[in-house]
Amino acid sequence: MKKKIYIGLGLVLVAIIAYAAYSAFFSRRVSPTQTTEFSHEGLDVKVTYCRPSKNGRVIFGEENSGALLPYGKYWRLGANESTEISFSDDVLFAGKPVPAGTYRMYVVPGAQMWQVVLNSQLGTWGSETPDHSLDVVAVEVPSTQASSETEQFSINFASIGQAITMDFLWDKTSVTVPITIQ
């Protein structure tokens, strides 16, 4: 009887060690998580996203070019989980009203214009197509050629007078979304 107990305990111990090894070596995130917070004129904005790297890949382009993120297709705006943005007050997001709160943010990149969407569906894995009936606002903003190449995707904020700009930078692409307090 003791022999069976020791064998059972040994098997449980082996399973625990195997799970720990798998977790340590195979489920590691490649794209690090980043939280960027910005305050201006009483407005607090916070974005949580994951930062994929270019790694020599073609990032944006036509689908037939082998681009990682083809024009006209949904992108989670980062990697891993969905990108989330929070506003402490009601804002104008590229001119459209958005109530204070937390939203899933995703985009549909284009060669010259990007659609940036805020959605109320939270806590999802980023590759899950959003429930578009929960879209709160969708805006069109221009995409421009950046002056230099950005290896790792970044979301940055800056203040210009009473407004805030939120910039998406990756590869040789730059997209700016203006945000103002309502």
Mind checking what makes ring pair (Phe, Tyr, Trp, His ring centres under 6.0 Å) contact with F87, not counting sequence neighbours?
none
Write out all pairs satisfying salt bridge (Lys or Arg N to Asp or Glu O under 4.0 Å) with one or both partners inside residues 61-80, taking only residues at least two apart or from two chains.
E63-K73
Do V91 and V139 belong to the same hydrophobic cluster, where Ile, Leu, Val, Met, Phe, Trp and Tyr are linked whenever their side-chain heavy atoms lie under 4.5 Å apart, directly or via other members?
yes
Any link between F38 and L92 through a network of hydrophobic side chains (Ile, Leu, Val, Met, Phe, Trp, Tyr) touching at under 4.5 Å?
no
Distance from F157 atom CZ to S39 atom OG, nearest 0.5 Å?
10.5 Å
side-chain hydrogen bond (donor to acceptor under 3.5 Å, both in side chains) against D131, all qualifying residues, sequence neighbours excluded:
S133
Nearest heavy-atom pair of K46 and E37: which atoms, and what distance?
CG-CG, 3.7 Å
When rounded to the nearest 0.5 angstrom, what distance separates CD in E81 from OG1 in T33?
6.0 Å
Looking at residues at least two apart in the chain, or sitting in another chain, which of them share a ring pair (Phe, Tyr, Trp, His ring centres under 6.0 Å) with F168?
none
Smallest heavy-atom separation, C50 atom then A79 atom, equals CB-O, 3.1 Å
Can you list everything that forms a side-chain hydrogen bond (donor to acceptor under 3.5 Å, both in side chains) with T36? Sequence neighbours excluded, please.
none
Kindly write out the residues that satisfy side-chain contact (heavy atoms from CB on, under 4.5 Å) with P142, not counting sequence neighbours, or none if the list is empty.
M113
side-chain hydrogen bond (donor to acceptor under 3.5 Å, both in side chains) partners for D89, two or more places apart:
none
Using the side-chain contact (heavy atoms from CB on, under 4.5 Å) rule, take W125 and N80 through it: C-alpha gap first, then chi angles, then the decisive distance, then the call.
CA-CA 6 Å; W125 190 253; N80 306 329; 3.7 Å; yes
Across all chains, not counting sequence neighbours, the ring pair (Phe, Tyr, Trp, His ring centres under 6.0 Å) partners of Y71 are none
Only pairs under 3.5 Å count here: list side-chain donor-acceptor contacts from residues 94-112, not counting sequence neighbours, and write none if there are none.
residue: K96; atom: NZ; partner: A138; partner atom: O; Å: 3.0
residue: T102; atom: OG1; partner: S86; partner atom: OG; Å: 2.7
residue: Y103; atom: OH; partner: P99; partner atom: O; Å: 2.6
residue: R104; atom: NE; partner: S82; partner atom: OG; Å: 3.2
residue: R104; atom: NH1; partner: Q121; partner atom: OE1; Å: 3.2
residue: R104; atom: NH1; partner: T124; partner atom: OG1; Å: 3.4
residue: R104; atom: NH2; partner: Y74; partner atom: OH; Å: 2.9
residue: R104; atom: NH2; partner: E128; partner atom: O; Å: 2.5
residue: Y106; atom: OH; partner: H132; partner atom: ND1; Å: 2.9
residue: Y106; atom: OH; partner: D135; partner atom: OD1; Å: 3.0
residue: Y106; atom: OH; partner: D135; partner atom: OD2; Å: 2.9

Kindly compute the distance separating NE2 (H40) from CD1 (I164), expressed to the nearest 0.5 Å.
6.0 Å
For S120, enumerate each residue passing the side-chain contact (heavy atoms from CB on, under 4.5 Å) test, keeping only those at least two apart in sequence or located in another chain.
L134, V136
Once rounded to the nearest 0.5 Å, what's the spacing between atom CD1 of I85 and atom CD1 of I155?
7.5 Å
I need the Q162 CD to L43 CG distance, nearest 0.5 Å.
11.5 Å
To the nearest 0.5 Å, what is the distance between OG1 (T83) and CD (Q34)?
11.5 Å
Can you name the residues that form a side-chain contact (heavy atoms from CB on, under 4.5 Å) with S148, not counting sequence neighbours?
none
Checking T150 side chain against L169 main chain: does a donor-acceptor pair fall under 3.5 Å?
no
Donor-acceptor pairs are to be reported for all side-chain atoms of residues 170-182 against protein atoms at under 3.5 Å, with residues two or more places apart or in another chain.
residue: W170; atom: NE1; partner: E151; partner atom: O; Å: 3.1
residue: D171; atom: OD1; partner: K54; partner atom: NZ; Å: 2.7
residue: T176; atom: OG1; partner: D167; partner atom: OD1; Å: 2.6

Knowing that exactly one of V45, V47, N156 qualifies, which makes a side chain to side chain contact (heavy atoms under 4.5 Å, CB included) with M166?
V47
